Structure formats: C-alpha cells, structure tokens
Amino acid sequence: MLADPMVYLGNEKYQTVLEKCIPEGSYDVELSIMNSDLVGIRVVASRLKISDEHSVKYELAMPKGCNMQDFNKPGVFSFFGVDTGLACFTDESIAKEYMEFLKCWYKENSDKNIYNDYFLQLFKQSYKNHPNIQTEYGDFLLWHLPKNSKQIVMFSRGMGDGIYSAYWGFDKKGNITELVVPFINPEYF
C-alpha cells in the first residue's frame with residue numbers, strides 16, 4: 001500500500017491498496033537523492049526492494065480490484081495522493097495499527113498536530129544523524145510503532161504535494177522484484 005502517512009495512511013477510503021500482493025515480510029526501502037544547485041536536496045524516487053533479481057520489465061501498479069485493462073477507465077485512479085509532502089510503503093495490518101496509534105494520540109492530544117507536535121522532532125533527529133543527505137527538517141524517518149517492533153519508513157517526495165504513480169518491476173521469470181515510485185525527473189533540475 002502507498003499513502004501519505006500524515007493524512008491518508010490508515011484511512012481506508014483514501015490510502016491506496018494495490019492489486020498485486022507480495023509475500024509478507026520485511027523489505028528494504030531505498031531512496032534516490034539528488035543535490036541540485038537549483039532546488040537543493042530532494043528525494044527523486046523511492047523503491048521497495050523485494051528481491052535481488054534484476055528487473056527487466058515494469059508495469060503500472062494498479063489499485064485493488066483493477067488491472068491494466070482498467071487503466072484510463074472512469075473512476076480508476078492509478079496513483080496515490082500526497083498532501084503533507086510525505087509518502088510511505090506499508091501493508092494493511094501496519095496501516096490499521098498506525099490508525100489506532102493516531103486515534104490514541106489525538107485522544108490524548110486533541111489540541112495538537114501530529115506532525116508538528118510528534119513527528120517533527122523525530123525528523124529533525126534524522127537530519128542530525130544523516131545531515132549530508134537530507135534537508136535540515138529531515139527527509140526520511142524509520143519510525144517504530146510504539147506498541148511493537150513494526151516499522152514504517154516515511155520520506156519526503158520530490159518538489160511538492162501531488163499525485164504519484166508506482167510501478168512494479170519484474171524479473172525475466174515474471175516475478176515481482178520491486179515497487180518503484182518516481183517523484184521528479186532530475187534532468188529538469
């Protein structure tokens with residue numbers, strides 16, 4: 001699943017659950033980062049690395065209940081929305097646990113903002129740990145759910161809010177190797 005973790009993750013109506021599934025497990029998330037004279041440090045793309053096999057083909061990641069034959073049909077959206085400048089990969093069970101965390105947090109902090117009053121300091125600490133590859137506000141965070149050891153990697157994307165498509169990579173045998181989300185074309189910057 002793909003989502004903006006501050007707005008859509010855990011919201012069944014707005015998070016993007018994908019049609020294809022991968023085996024349950026823990027996978028590396030890789031970020032492609034550029035440092036442009038024009039726009040500074042930016043996350044150009046993200047990848048959920050599923051296997052070590054080389055990708056020979058890519059296919060648009062379609063939402064649950066849809067396949068490539070549904071592409072461009074009315075009401076079929078092959079993208080996910082970002083409204084806080086952050087994105088993440090996760091599965092449905094972690095999204096549900098995250099939503100429970102948010103409900104509890106807001107119950108105890110009804111007058112606060114989850115980003116400004118909780119995550120901002122964590123992102124700033126990420127910057128202190130890795131200052132050469134992110135902005136001073138922090139561009140990525142490996143966050144642990146408070147009640148267990150499960151993790152969500154949250155990361156900034158590209159140049160601003162918007163909608164982004166993801167692509168499944170396949171090896172020569174047709175097995176899924178990766179899920180890639182390009183955010184910006186670095187050649188423009």
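Atom set for the values below is all heavy atoms of this structure, side chains included, hydrogens, waters and symmetry mates excluded. As the structure is a prediction and not an experimental result, all values here were calculated from the model.
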Test item: Gln151 side-chain N/O and Trp143 main-chain N/O as donor-acceptor pair under 3.5 Å: no
Would the Tyr164 and Phe183 ring centres measure less than 6.0 Å apart?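 Centroid separation for Tyr164 and Phe183: below 6.0 Å.
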Check whether the ring centres of Phe89 and Phe155 lie less than 6.0 Å apart, and answer yes or no.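 Yes, the ring centres sit under 6.0 Å apart.
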Do you reckon Tyr167 sits in the same ILVMFWY cluster as Val44, going by side-chain contacts under 4.5 Å, direct or chained? no
Could you pull out all residues at least two apart from Gln125 that satisfy side-chain contact (heavy atoms from CB on, under 4.5 Å)?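 With sequence neighbours excluded, Gln125 shows a side-chain contact (heavy atoms from CB on, under 4.5 Å) to Lys128, Asn129, given in chain and number order.
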Side chains of [X] and [Y] in contact at under 4.5 Å (non-hydrogen atoms):
X: Met99; Y: Gln15; value: no
X: Val17; Y: Glu12; value: no
X: Leu18; Y: Phe80; value: no
X: Ile184; Y: Val39; value: no
X: Ile41; Y: Ile133; value: no
X: Asp52; Y: Lys49; value: yes
X: Pro63; Y: Phe77; value: no
X: Tyr115; Y: Thr84; value: no

Are side-chain N/O atoms of Thr177 and Asp171 paired as donor and acceptor at under 3.5 Å? no
Evaluate side-chain contact (heavy atoms from CB on, under 4.5 Å) for Asp91 paired with Tyr27, printing each intermediate quantity in order. CA-CA 11 Å; Asp91 66 23; Tyr27 299 97; over 6 Å; no
In sequence, state the C-alpha distance, the side-chain angles, and the governing distance for Ile33 and Asp139, and then conclude on side-chain contact (heavy atoms from CB on, under 4.5 Å). CA-CA 10 Å; Ile33 299 171; Asp139 292 326; over 6 Å; no
Applying side-chain contact (heavy atoms from CB on, under 4.5 Å), run through Leu60 and Phe71 and close with a yes or a no. CA-CA 9 Å; Leu60 186 63; Phe71 182 67; 3.3 Å; yes
Got more than 12 heavy atoms from elsewhere within 6.0 Å of OH, Tyr14?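 It does not: Tyr14 OH has 12 such atoms or fewer within range.
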Is the ring pair Tyr98/Phe119 parallel, tilted or perpendicular, if the boundaries are 30 and 60 degrees? tilted
Could you walk me through whether Tyr58 and Glu178 pass side chain to side chain donor-acceptor pair (under 3.5 Å), step by step? CA-CA 9 Å; Tyr58 288 87; Glu178 60 191 2; 2.3 Å; yes
Verify side-chain contact (heavy atoms from CB on, under 4.5 Å) between Phe123 and Met154, making sure each step is shown before the conclusion. CA-CA 9 Å; Phe123 274 97; Met154 301 177 189; 3.9 Å; yes
Between Glu97 and Asn148, does the side chain to side chain donor-acceptor pair (under 3.5 Å) criterion hold? Intermediate values first, please. CA-CA 10 Å; Glu97 289 182 46; Asn148 57 48; 2.5 Å; yes
Can we say Lys20 and Glu59 salt-bridge, meaning some charged N sits less than 4.0 Å from an Asp/Glu carboxylate O?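 Looking at Glu59 together with Lys20, the answer is yes, because their closest N to O distance falls below 4.0 Å.
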